[in-house]
Amino acid sequence: MINSLRGMNDILSDDYERFTYFINTATTIAQRYGFHFIETPLLEETALFKRGVGESSDIVGKEMYQFTDKGDNDVCLRPEGTAGVVRAFIQKKLDKAGGTHRFFYHGAMFRYERPQKGRLRQFHQFGVESFGVESVYEDASMIMMVHDILKACGIGHRLQLNSLGCSTCMSPYRQKLINFVKDVEDKVCQDCARRLQTNPIRVLDCKNTTCQSLYTDAPKLINNLCSECEDDFANLKTILDQNNIKYEIDTNLVRGLDYYSKTAFEFVSDNIGSQSAIAGGGRYDRLVEFLDGKATPAVGFAMGIERLMELIVMPEKTRTGYYIGAMDENALSLIVKITHKKRSTDKVSLDYKAKNLQKHLKAADKVNAKFCAIIGSNELKDATIWVKDLENKTESTIKLEEF
Ligand code: HAM
């Protein structure tokens with residue numbers, strides 16, 4: 001027997017209902033916020049992620065599904081959605097056009113991680129990216145959108161917030177941090193020793209407990225922001241307060257992708273185990289320029305759909321549509337015809353075998369139909385159909401032409 005690859009799941013039945021319910025809910029809300037759908041390829045040039053997400057990130061450094069295709073191109077399955085959307089934005093010359101451009105997307109992402117509960121190798125994200133707005137109101141609007149989506153899905157959460165500063169405040173801060181970590185360099189884990197060379201601020205979110213205790217007194221970026229970043233962060237907090245959005249400041253929140261500046265945020269759930277991040281995002285004002293576009297401020301987020309599927313409170317199922325069946329073999333072709341017509345307006349389940357009434361009623365109940373409509377030999381003779389409303393428990397026999 002051939003099974004799916006490790007960390008790659010099928011989505012069907014109940015899971016599929018949760019999956020589509022989430023996407024439909026998130027889509028409705030993203031559209032209310034003025035975002036438009038974008039679809040980008042699953043496969044991109046590897047260089048896009050190396051430059052976009054950053055070679056020092058785990059995602060690019062260790063987790064890419066990278067290969068050489070038959071045309072000798074170095075390609076990889078996308079590990080995240082932002083870099084591809086930025087590439088499309090530049091390729092379509094929207095950076096040169098100016099103005100505001102807001103996109104949402106959903107689809108599969110691939111990271112060669114060690115699979116565990118909540119951590120897959122192929123997983124799905126719902127994400128949004130907004131280009132052209134410098135104002136911190138847009139950052140707040142992103143956070144409010146995640147908040148609205150989670151609320152609509154009945155998902156409790158905590159919001160963690162940080163500011164990663166801009167190029168003005170980041171360089172002096174980086175040096176301060178390097179000086180601090182250098183003093184304890186012989187005690188830090190191998191990953192942190194590597195991070196110190198590639199992207200020092202990533203040491204701050206190291207999960208190793210020894211490293212965490214070593215960094216307790218490390219300088220905090222939030223205390224080293226330039227005045228512009230400080231004002232932006234203060235404004236962001238005020239906007240969130242005014243809109244009753246609760247948050248915690250997490251000075252070690254640096255995110256696992258290198259493109260962020262200023263606002264960084266993560267939504268976590270305390271109900272799904274160690275892989276608790278259900279959404280993450282922030283501002284990435286330098287990325288468009290980094291990928292050879294015209295400098296454009298940008299901000300966005302992505303939500304992990306598989307993690308959210310565990311938490312969604314689904315609305316109560318209501319009975320919908322019809323179940324149509326025959327009790328007489330001779331009525332089978334007639335019910336196929338009726339079903340085809342009825343399907344132009346309603347959902348219809350059809351049984352191709354003639355059965356007794358009890359069996360049909362049971363099957364109609366199983367598919368959660370509102371009406372069970374049956375043709376037996378009498379109905380066939382009289383050109384009628386017997387219909388039971390399974391919600392109100394009423395029954396009637398009606399003329400086929402009125403059905
Ligand atoms: P990210 O934090 O890497 O951000 O991923 C966003 C979300 O995807 C996570 O919070 C988590 O729910 C889910 N996720 C990540 N890895 C896995 C995995 N291996 N298995 C299951 N779920 C996972 C980004 O990807 C950025 N592109 C977000 C962004 C958009 N920033 C600005 N715009």
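Just follow the structure's listing: the first ligand is 1, and inside any ligand the first atom is 1.
Closest protein heavy atom to atom 18 (C) of ligand 1: Phe123 CD2, 3.5 Å. Nearest protein neighbour of atom 30 (C) of ligand 1, counting heavy atoms only, is Thr82 OG1, 3.0 Å. Looking from atom 20 (N) of ligand 1 to the surrounding protein, the closest heavy atom is Leu120 N, 2.9 Å. Remark: minimum distance from atom 13 (C) of ligand 1 to any protein heavy atom is reached at Gly304 CA, 3.5 Å. Nearest protein heavy-atom neighbour of atom 9 (C) of ligand 1: Ala277 O, 4.1 Å. If you check which protein heavy atom lies closest to atom 19 (N) of ligand 1, you get Glu113 OE2, 2.6 Å.
Assignment of Gly256 to the shell around ligand 1 is not supported, since no heavy atom sits closer than 4.0 Å. The closest approach between a heavy atom of Gln125 and any atom of ligand 1 is below 4.0 Å. Residue contacts with ligand 1: Arg121 is excluded, as none of its non-hydrogen atoms falls under 4.0 Å. Distances shorter than 4.0 angstrom occur between a heavy atom of Gly118 and an atom of ligand 1. Ligand 1 lies less than 4.0 angstrom from a heavy atom belonging to Tyr260.
At a cut-off of 3.5 Å, with distance as the only test, no side-chain donor of Asn252 or Tyr215 sits close to an acceptor on the other residue. When only modelled atom types and interatomic distance are considered, Asp258 and Ser56 share a side-chain donor-acceptor pair under 3.5 Å. Side-chain polar atoms of Glu45 and Asn73 form no donor-acceptor pair below 3.5 angstrom.
When non-hydrogen atoms are compared, ligand 1 lies under 4.0 Å from the backbone of Phe301 (N, CA, C, O) but not from its side chain. Under 4.0 angstrom from ligand 1, the non-hydrogen atoms of Tyr259 all belong to its side chain. Only side-chain heavy atoms of Glu129 come within less than 4.0 Å of ligand 1; its backbone N, CA, C and O stay farther off. Residue contacts with ligand 1, taken as heavy atom pairs separated by less than 4.0 Å, do not involve Leu308 at all. Residue-level proximity to ligand 1 for Arg119 is carried by backbone and side chain together, each with a heavy atom below 4.0 angstrom. For Gln275, no heavy-atom contact with ligand 1 is shorter than 4.0 Å.
Counting the atoms of ligand 1 from 1 in the order shown, those under 4.0 Å from a heavy atom of Gly280 are 10 (O), 28 (C), 29 (C). When each atom of ligand 1 is checked for a heavy atom of Gly281 under 4.0 Å away, the hits are 31 (N). Interface of Ile278 with ligand 1, defined as ligand atoms under 4.0 Å from a residue heavy atom, comprises 10 (O), 12 (O).
Remark: the backbone N or O of Gln358 is paired with a side-chain donor or acceptor of Asn356 at under 3.5 angstrom. A donor-acceptor contact shorter than 3.5 Å links the side chain of Arg78 to the backbone of Ala108. Remark: side-chain polar atoms of Arg119 are paired, donor with acceptor, to backbone N or O of Arg114 under 3.5 angstrom. Remark: side-chain polar atoms of Asp58 are not paired, donor with acceptor, to backbone N or O of Lys62 under 3.5 angstrom. Within the 3.5 Å criterion, the main-chain N or O of Gly376 finds no donor-acceptor partner in the side chain of Asp328. With hydrogens and angles ignored, the 3.5 Å screen pairs a side-chain donor or acceptor of Arg343 with a backbone N or O of Val348. Formation of a donor-acceptor pair under 3.5 Å by the Tyr173 side chain with backbone atoms of Pro219 is found in this model.
In this structure, the ring of Phe37 has its center no less than 6.0 angstrom from the ring center of Tyr105. Here the two rings, on Phe267 and His147, have centers that are 6.0 Å apart or farther.
In this structure, Lys342 is positioned above the aromatic face of Phe403, its NZ or CZ under 6.0 Å from the six-membered ring centre and within 45° of the axis.
For atom 1 (P) of ligand 1, the choice among Lys117, Arg255, Glu80, Glu63 with the nearest heavy atom turns out to be Arg255.
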